[in-house]
Amino acid sequence: MTLNDLRSAPVRTRYAPSPTGPQHIGGIRSALFGWLYARRHGGQFILRIEDTDQKRTVPGAVELIQESFDWLGIDIDEGPREGGEYGPYVQSDRLELYQSWAKRLVAQGHAYKCFATAEELSEMRALGRGYDRRYRDIPDWQAAELEAQGKSYVIRFKMPQSGVTVGADMIRGQVEFDNTQLQDAVILKSDGYPTYHLAHIVDDYHMRISHVTRAVEWLPSFPLHLSIWEALGWEKPQFAHLPVMLNPNGKGKLSKRRQQFAESGRSVPVLAREFMEAGYLPEAVINFLINIGWNFGDDREVFSLNEAIERFDLKDVNPANSAYPIKKLDWLNSQYMQRADVDKLARRLKPVLESAGYRVDEERLRQVVPLLQVRLKTLRDAAPMAGFFFADWSTFEAPPHQILIQRKMTVDGARMVLSRSLPTLEDLEDFSAAAQHAAMTRLAKDLGLKNGQVFGTLRAAVTGQRVSPPTFETMEILGRDESLRRIKLALESLALATN
RNA sequence: GGCCCCUUCGUCUAGCGGCCUAGGAUGCCACCCUUUCAAGGUGGAGACACGGGUUCGAGUCCCGUAGGGGCUACCA
């Protein structure tokens, strides 16, 4: 390849998951890095489904994978749903391709048929050295005979038995492997399906993948893959073995199993859809993910996908695995909540409130959102904080006394505050929050109470909650009639209180 | 066990031989602001795993050790 070819060769990266179930956030992050690199270079991002293990394939998983990417806004250029000129993009639809290349490797002496039975294999394993290459050098006539007898076989790749394989990794530089450590891996199984080792190479080549991005667990088989590329006589792509995320406590690879961690006592989201269910914004999740193993470069923590694209480079990815910093997502999400456009946030809040059982009026929601933005960590926090706006007002009941009578207040004090508030609010020409605030501040002074004592008592009366959006803004939205009605309700309730 | 990778505040990270008395973020603590909860502001505690080299000079390069992670399937 000439320098010019290198310049013009488009960057094509791919994410190649097995359709074994819902998407793990670790896989998403790997995909994201490949996607970012493709976008940075104006290239393409391909989704390829690696379903060569029939036993593990689960129906519907492909749709789940696509949903995850849709939600996050990671667009796919070529894939099972999008199509593309290098399809099909599902490996089980490409079986003949793998088989013909496997045959070719056998014909050229780079691979061989291995007739070892499961029993033989497990005996060898018990000896501790793995497959001993016993069929590597049997004469052709013997292989033909075994095959004629109907013995089943796999095709194994002949690894060089000496020397060193040196691989170039974009993230950590040169990596060396002693060839004598490697076994003759199976590349075509007895059921005619290829293993990952063969399939991904055949596909990456035919799909013109320019940069192979995948998790570090593939590093040990890197020399195998390099040897296969070599044997096939194909120009190799570049490789980047991405670090993985560890559990929040730093122990072990982040597991798909929902688990709890002692420090927080709560289980952390690890599946793509769990982030959605937990009320995180996709932009925040993306930002969060990009910041693990890569950073923006000038101390910025909050940035958009487009801003990240401009700066992203696989070479800058930190080679070290990292503990899953899930606590940072709460902060990041709240940053996005604060900066969000009101209409947009309202649209996202609506279904969350509805699923909490509220009937949501959009106009009212837009009024409420600005009060919420600075207070929410996740979308789900909206329900306990502001659900009362969307409940049936006619069924509102005064809260229990322990809520109505806040700290540093007495029954009489609360009664006083509420009864004096009534006429004050009633007489207000303008029921805006600002006007209320001014009037109530005066009242507090008259009563010799702190603002907090007065405002808090009103808050409890009007919202039924100890914690709520600001009192006067809340009353402005509820309206004067409803606010006064609630205050009267609270007074009636307090009338029965004895102190 | 063998092989491979990794190692900076609790955590995510900046640092690519002198700009580092190691910067940012989060989390934590304190104070300020304040109408609850938040948000915001200010400040604080908090790290170069260890040991050898190389060099005038090492967080930065090399080698060991330790620790962590991964691979070692007819799974990917």
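Each chain gets a letter, A, B and so on, in the order its sequence line appears, and its residues count up from 1.
In this structure, the CG atom of A:Leu242 is 14 Å from the P atom of B:C6, given to the nearest Å. One interatomic measurement links the two molecules: CD1 of A:Ile187 to P of B:A76, which rounds to 13 Å at whole-angstrom precision. What separates CG of A:Asp191 from C1' of B:C75 is a distance of 12 Å, to the nearest Å. As rounded to whole Å, 12 Å separates atom P of B:U13 from atom CZ of A:Phe303. Across the protein-nucleic acid pair, A:Arg214 atom CZ and B:C75 atom P stand 17 Å apart, rounded to whole Å. The separation between A:Phe222 atom CZ and B:C4 atom C1' is 12 Å, rounded to whole Å. Between the C1' atom of B:C4 and the CZ atom of A:Phe239 lies a distance of 16 Å, rounded to the nearest Å. Atom CD1 of A:Ile292 and atom P of B:A14 are 13 Å apart (whole Å).
B:G69 sits 23 Å from B:C63 when the P atoms are compared, rounded to a whole Å. Here the separation of B:U26 from B:G64, taken at their P atoms, is 40 Å to the nearest Å. Distance check on atom P: B:C9 versus B:G51 gives 16 Å, rounded to whole Å. Using P as the reference atom, B:G44 and B:A49 are 25 Å apart when rounded to the nearest Å. For the C1' atom pair drawn from B:A47 and B:G15, the interatomic distance equals 13 Å after rounding to whole Å. Annotation: B:C75 and B:C6 have their P atoms spaced 29 Å apart (nearest Å). Look at the C1' atom in both B:C20 and B:G53: the space between them is 23 Å, to the nearest Å. To the nearest whole angstrom, the two P atoms, one in B:A22 and one in B:G27, are 24 Å apart.
Judged as a salt bridge (Lys or Arg N to Asp or Glu O under 4.0 Å), and not counting sequence neighbours, the contacts of A:Arg172 are A:Asp169. Partners of A:Asp316 under the side-chain hydrogen bond (donor to acceptor under 3.5 Å, both in side chains) rule, at least two apart in sequence or in another chain, do not exist in this structure. Qualifying side-chain hydrogen bond (donor to acceptor under 3.5 Å, both in side chains) partners for A:Arg300, counting only residues two or more places apart in sequence or in other chains: A:Glu307.
Distance from the side chain of A:Ser190 is smallest for B:C74 among the nucleotides B:C74, B:G27, B:C3. For A:Ala320, the listed nucleotide lying nearest its side chain is B:C6; candidates were B:C6, B:C5, B:A14. Here B:A76 is the nucleotide among B:U11, B:C74, B:A76 with the atom lying nearest to any side-chain atom of A:Arg56.
Within 4.0 Å (heavy atoms only), A:Ala116 reaches at least one base atom of the nucleic acid. Using a 4.0 Å heavy-atom cutoff across all strands shown, A:Arg156 reaches sugar-phosphate atoms only and no base atom. Contact annotation for A:Pro223: no contact, since no heavy-atom pair falls under 4.0 Å across all strands. Counting non-hydrogen atoms under 4.0 angstrom, A:Glu301 reaches a base of the nucleic acid. Across all strands shown, A:Val154 has heavy atoms under 4.0 Å from base atoms, whether or not it also approaches the sugar-phosphate. The residue A:Gln465 sits apart from the nucleic acid: no heavy atom pair falls under 4.0 Å. Nucleic acid contact class of A:Val454 (heavy atoms, under 4.0 Å, all strands): none.
Nucleotide B:G1 has B:U72 as its partner under the Watson-Crick or G-U criteria, with both atom distances under 3.5 Å. Pairing for B:U34 is absent, judged as Watson-Crick or G-U wobble with the two contacts each under 3.5 Å. For B:G64, the paired nucleotide is B:C50, the pair qualifying as Watson-Crick or G-U wobble because both relevant distances are below 3.5 Å. Under the Watson-Crick or G-U wobble criterion, with both distances below 3.5 Å, B:U26 is paired with B:G10.
Once rounded to the nearest 0.5 Å, the distance linking CZ of A:Arg486 with CZ of A:Phe396 reads 4.5 Å.
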Given side-chain contact (heavy atoms from CB on, under 4.5 Å), test A:Leu254 with A:Ile25 step by step and report yes or no.
CA-CA 9 Å; A:Leu254 184 60; A:Ile25 199 67; 3.7 Å; yes
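Heavy-atom contacts from other residues, nucleotides or ligands closer than 6.0 Å to CE of A:Met124 number more than 12.
The phosphate of B:C74 (OP1 or OP2) has no side-chain N or O of A:Ser152 nearer than 4.0 angstrom. Remark: A:Asn318 is in phosphate contact with B:A14, judged by side-chain N or O atoms under 4.0 Å from OP1 or OP2. In terms of phosphate contacts, A:Lys189 brings a side-chain nitrogen or oxygen within less than 4.0 Å of OP1 or OP2 of B:C75. Put simply, A:Asn291 has no side-chain N or O that comes within less than 4.0 Å of OP1 or OP2 on B:C12.
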What one-letter contact string describes nucleotides 32-44 of chain B from 5' to 3', where B marks a base within less than 4.0 Å of any protein heavy atom, S marks contact via sugar-phosphate atoms alone, and - marks no contact?
---BBBBSS----
Quick one: what's the B/S/- string for nucleotides 59-72 of chain B, heavy-atom cutoff under 4.0 Å, read 5' to 3'?
---------SSBS-
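Ion pairing between a basic and an acidic side chain is recognised when a charged N comes within 4.0 Å of a carboxylate O; A:Asp298 and A:Arg311 show such pairing. A salt bridge links A:Asp53 with A:Arg56: the closest approach of a Lys/Arg side-chain nitrogen to an acidic carboxylate oxygen falls below 4.0 angstrom. Here A:Arg134 pairs with A:Asp132 in a salt bridge; the nearest charged N to carboxylate O distance falls below 4.0 Å.
In this structure, the side chain of A:Arg214 does not engage the main chain of A:Phe239 through any donor-acceptor pair within 3.5 Å.
Both A:Pro319 and A:Thr52 sit near RNA chain B, but only A:Pro319 has its closest nucleotide nearer the 5' end.
Checking A:Tyr135, A:Tyr112, A:Tyr131 one by one against A:Asp184, the side chain to side chain donor-acceptor pair (under 3.5 Å) holds for a single residue, A:Tyr112.
Residue pairs meeting the ring pair (Phe, Tyr, Trp, His ring centres under 6.0 Å) criterion with at least one partner in residues 160-190 of chain A, sequence neighbours excluded, do not occur; the list is empty.
Because its NZ or CZ atom is both nearer than 6.0 Å to the ring centre of A:Tyr153 and within 45° of the ring axis, A:Lys113 counts as a cation-pi partner of that residue.
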